[in-house]
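In what follows, a structure is listed as structure tokens, so that the remarks can point back to it.
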Amino acid sequence: MKDSSVESKTIKPDGVVEPNKDQKIWLVVLAIPRGKVASYGQVAAMAGLGRQARYIGRALGKLPQGHSVPWYRVICSNGQIAFAPGSERYQEQVSHLQEEGVDVVNGRVSMSRFGLS
DNA sequence: CCATTGACGTCGA
DNA sequence: GTCGACGCCAATG
């Protein structure tokens with residue numbers, strides 16, 4: 001089936017927007033198996049966003065506290081970390097990845113680590 | 001409404 | 001392999 005982009009914005013009369021898209025992205029990220037990683041573009045494609053890879057980062061940036069979303073498993077398509085080395089988020093991401101068995105060298109992850117199911 | 005920016009991606013030099 | 005430029009789309013000022 002082709003769910004053409006028929007997604008309405010799902011805006012409520014109150015003016016409150018329902019982050020349906022963001023939620024879907026989080027679900028996709030949650031689907032990433034442990035010890036592996038996925039690129040923004042890959043996640044975007046799975047979420048049905050197509051080329052809006054940038055939206056992934058935005059959605060993850062909106063992540064509230066208490067979430068169980070392994071955002072650290074999401075990296076650039078070239079296998080490099082999206083954040084700048086030395087940044088707090090960068091260090092946190094690398095920490096989680098290494099803990100899951102992912103080798104991070106020079107701010108880079110082995111492309112072989114790409115995979116979902 | 002226009003301009004700027006951003007947790008990206010792909011192509012070319 | 002590294003750098004620069006353009007494209008994509010949405011949020012923000």
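Within every chain, numbering begins at 1; the chains are lettered A, B, ... in the order of the sequence lines, protein sequences first and strands thereafter. Keep in mind that what you see is a predicted model, and the values were worked out from it rather than measured.
- Within the 4.5 Å cutoff, no side-chain heavy atoms of A:Trp26 are placed close to those of A:Ser68.
- Within the cation-pi definition used here (under 6.0 Å to the ring centroid, within 45° of the axis), A:Lys21 qualifies as a partner of A:Tyr55.
- At a threshold of 4.0 angstrom between heavy atoms, the contacts of A:Tyr55 are confined to the sugar-phosphate backbone, with no base atom among them.
- Counting only distance, with no hydrogens or angles, the side chain of A:Arg108 and the backbone of A:Asp103 share no donor-acceptor pair below 3.5 Å.
- Rounded to whole Å, the distance from CG on A:Leu97 to P on B:dA7 is 18 Å.
- What separates CZ of A:Arg54 from P of B:dG9 is a distance of 9 Å, to the nearest Å.
- The residue A:Gly41 sits close only to the backbone: its heavy atoms come under 4.0 Å of sugar-phosphate atoms, none of a base.
- Distance, A:His96 NE2 to B:dA7 P: 19 Å, rounded to whole Å.
- Distance A:Trp26 CH2 to B:dA7 P: 17 Å, rounded to the nearest Å.
- You'll find the side chain of A:Gln42 stays beyond 4.5 Å of the side chain of A:Val74, heavy atoms only.
- Using a 4.0 Å cutoff to heavy atoms of chain A, the contacted part of DNA chain C runs 5' to 3' from C:dT2 to C:dA11.
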**OP:** Assess whether side-chain contact (heavy atoms from CB on, under 4.5 Å) is satisfied between A:Tyr72 and A:Val37, documenting all intermediate values.
**Re:** CA-CA 8 Å; A:Tyr72 51 83; A:Val37 296; over 6 Å; no
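- A:Ile32 places its CD1 atom 18 Å from the P atom of B:dA7, with the value rounded to the nearest Å.
- A perpendicular orientation is assigned to the rings of A:Phe83 and A:Trp71, their planes being inclined by more than 60° (bins at 30° and 60°).
- A residue-by-residue look at A:Lys62 and A:Arg51 shows that A:Arg51 has its nearest nucleotide of DNA chain C further toward the 5' end.
- Between the CE atom of A:Met46 and the P atom of B:dG9 there is a distance of 13 Å, given to the nearest Å.
- Between A:Ser77 and the phosphate of B:dG9, there is a side-chain N or O to OP1/OP2 separation shorter than 4.0 Å.
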